[in-house]
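A short worksheet on the structure shown next.
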There are 2 protein chains.
Amino acid sequence: MASTLKDVAQAAGVHTGTASKALNADTRHLVAEATVKRVLAAAKKLHYQPNDIARSLRTRRSQMVGVLVPDLTNSLFPPIVRGIEHVLSDSGLQAIVLNTDNNIEKASELFSTLWARQCDGFIIASAFREDKLIEEIAEREIPAVLVNRLTDKRLLPSVSGDEWSGVHIAVNHLASLGHKSIAHIAGPKNISTGNIRRLAFLDAILKIGLKKENCPIVFASEYSDSAGRFAAKKLLSNSKARPTAIFAGNDQIAMGVLDAIDAAGLSCPEDISVVGFNNIPLMERVNPSLTTMHLPKRRVGEAAAVILKEIISGEVMHGPEVHMMPCEIIIRDSTAKV
Amino acid sequence: MASTLKDVAQAAGVHTGTASKALNADTRHLVAEATVKRVLAAAKKLHYQPNDIARSLRTRRSQMVGVLVPDLTNSLFPPIVRGIEHVLSDSGLQAIVLNTDNNIEKASELFSTLWARQCDGFIIASAFREDKLIEEIAEREIPAVLVNRLTDKRLLPSVSGDEWSGVHIAVNHLASLGHKSIAHIAGPKNISTGNIRRLAFLDAILKIGLKKENCPIVFASEYSDSAGRFAAKKLLSNSKARPTAIFAGNDQIAMGVLDAIDAAGLSCPEDISVVGFNNIPLMERVNPSLTTMHLPKRRVGEAAAVILKEIISGEVMHGPEVHMMPCEIIIRDSTAKV
DNA sequence: TACCCTACCGCAATCGATTGCGTGAAGAAT
DNA sequence: ATTCTTCACGCAATCGATTGCGGTAGGGTA
């Protein structure tokens, strides 16, 4: 059906090896100019499209990069992925995006199949703080970069938001509005973002001089509105010690917090201010519009892709460096003076 | 580095051919049971992972399906993609998702590279009403299914929402609230959804008995809030003939319409009711929450994937059939009695 | 004229798995 | 005891492109 290198070579009256060299830009100098022209013409006439599978088998490189994401329907990730794709495509690399559903076994399976397809490298947005898969990848020295989520052990280069200072900015914002009782709905303990945001929250309230007992922390079992709602409901059930502000582990949790505030017959921001994290799309349109920390998602993806490219090409050596992009506060209607 | 079939065969004391047959479930009966056990044991011990590239080269099948999407950051698409992936993964197929940015040339390029990688089939959510790429795919009889967007010519099987009746339901809803002047902000003319929704809108208002001159149509240049805002601003600039309801081409356009209503010093739904289409995530949380037609996105993706699998396996023949999933109205706060 | 050098191209191995064919041995049937 | 069948396995070609090596022809130099 499709024409092969052999067809082109025959049409041009040369051997396949010669045709290959003529077609490939960086071996073309090995072939006489006139021959190159003949081969190129034959290739064009036959609509020759090299078979990447065969090429990959021989060269052991596939020009594909595996991208592991917890869940594409979480709108945090598509912008990151677009950033990755944008950078990769400049070098003819293609991103293969797969969903792990936060399931480490599924992630391992997906990794295996990608590896069997000779992926040149990996960008992983689905890491847990302790993650066998990441350890294995690091141990085998497979080119890979973490994005957004980190492991506790520094094993691979990573790109994420500067969560620590982001949290401080958020808490300071609430404090500047006069809030003295700020609660935190923390994300999952086994995910770096959940952990570091919680620790940063603790640090921030202590630095400000707020009392720890006025600033309770409740855990959400996952980064979702329903988990956020459940946790916030628990938090608000004790009407004695009701906080005047809630710092949510991320925007999805913040959505659940808004629901819980509503369900408790309270309102945001009049009774309780709410701050989210990430600034995912449409947060400017929800009711009330959400004050949140903006993560430069696309740039995070781009930076990760740049690093991976450098690792793959071998141009630049990379240890397990931590790259952090600054987060910016977006003040909207969900926060108000106490 | 990684162990190959040859290693396994050596370890088991058999020829590679025999090892291959032993490893492969449907050729295993050609090998003695004891030998199978030895090979399996050797494979396990060596952590043998077959090289899919080599396999694909030989079998001419890659177990990959290309999925062409306009833009993953448009939250209409991730749920469709998840539906596709879910069905495909049951058969060991993997979806390769790529963004075309509504650029038909980019789509063609992406298609070529996927085809060079021996993709077994394609699911395309980025079709235009006239689309050279789709024509070529149909002509070359490459397994492919359209999703969400159709071409004017019926060339490939397709799965989409039942737009026609969906629009009628939406318009009838507005009419039942007493609206007699309903405007439509249509999506792009060169995309099937934009076209059919506009035609269905015309049909619906006529069926209801509304006057065409009271029901103006304005085109949005693309499916985005900014294009919707621009179009709605134009519509509302004529304060004489202001509609009491606007049926937006999709939810993103509806967001722009809400902005324009706000910018005109009007409010929704008091002055103008708004209806969207697709019911993308978070529409229940925007202000006001959006009445919209719910498209069963995941099921649309699943259905498309099922059809593609049948085509690839050759089990069932498929012509250019049109499959339509019912759309359901979700009534929220953006529509009210006139 | 003899020799060398260079440019160009063909040759064939290679990547790793699959698969139809051929062969040998064991067992069954006559 | 001989022939036939069946089962298990080895053999080698194959998929399509890449690449180092070797050979040849042409032109230049001594």
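Order of the sequence lines sets the chain letters (A, B, ...), proteins ahead of strands, with each chain counted from 1.
Judged by distance alone, the side chain of A:N24 and the main-chain N or O of A:T27 form no donor-acceptor pair under 3.5 Å. At distances below 3.5 Å, not a single donor-acceptor pair connects side-chain atoms of B:S20 with backbone N or O atoms of B:T16.
At a cut-off of 3.5 angstrom, the base of C:dT18 holds no donor-acceptor pair with the side chain of B:R55.
Atom pair B:N51:CG and C:dT14:C1' shows a separation of 13 Å (rounding to whole Å applied). At whole-Å resolution of the value, CZ in B:R38 and C1' in D:dC9 are 11 Å apart. Atom CD in A:E33 sits about 13 Å away from atom C1' in C:dC8, given to the nearest Å. Straight-line distance from the CD atom of A:Q118 to the P atom of C:dA17: 10 Å, rounded to whole Å. Per the geometry, NE2 belonging to B:H29 stands 10 Å off P belonging to D:dC7, to the nearest Å. Distance CG (A:D26) to P (D:dT18): 10 Å, rounded to an integer number of Å. Distance CG (A:L57) to C1' (D:dT19): 14 Å, rounded to an integer number of Å. Straight-line distance from the CG atom of B:D52 to the P atom of D:dC15: 20 Å, rounded to whole Å.
Here C:dA13 is the nucleotide among D:dT14, D:dA12, C:dA13 with the atom lying nearest to any side-chain atom of A:R58. The side chain of A:K21 lies closest to D:dG20, out of D:dG20, C:dA17, C:dC15. The side chain of B:T59 sits closest to C:dT19 out of C:dT19, C:dC8, D:dA17. Taking every side-chain heavy atom of A:T35 into account, C:dC8 is the closest of D:dA8, D:dA12, C:dC8.
Contact check for B:D52 versus B:Q63: no side-chain heavy atoms found under the 4.5 Å cut-off.
Between B:E85 and B:R82 there is a salt bridge, since at least one side-chain N of the basic residue sits less than 4.0 Å from a carboxylate O of the acidic one.
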- [ ] With side-chain contact (heavy atoms from CB on, under 4.5 Å) as the test, would you mind laying out the steps for B:F111 and B:I124 before giving the verdict?
- [x] CA-CA 10 Å; B:F111 172 79; B:I124 300 171; 5.8 Å; no
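Note on A:T18: a base of the nucleic acid sits closer than 4.0 angstrom, heavy atoms only. Contact annotation for B:N24: backbone-only contact, meaning every heavy-atom pair under 4.0 Å involves sugar-phosphate atoms and none involves a base. If you check every strand for non-hydrogen atoms under 4.0 Å, B:S20 touches a base.
Residue order along DNA chain D, read from the 5' end via each residue's closest nucleotide, puts B:A34 first among B:A34 and A:H15.
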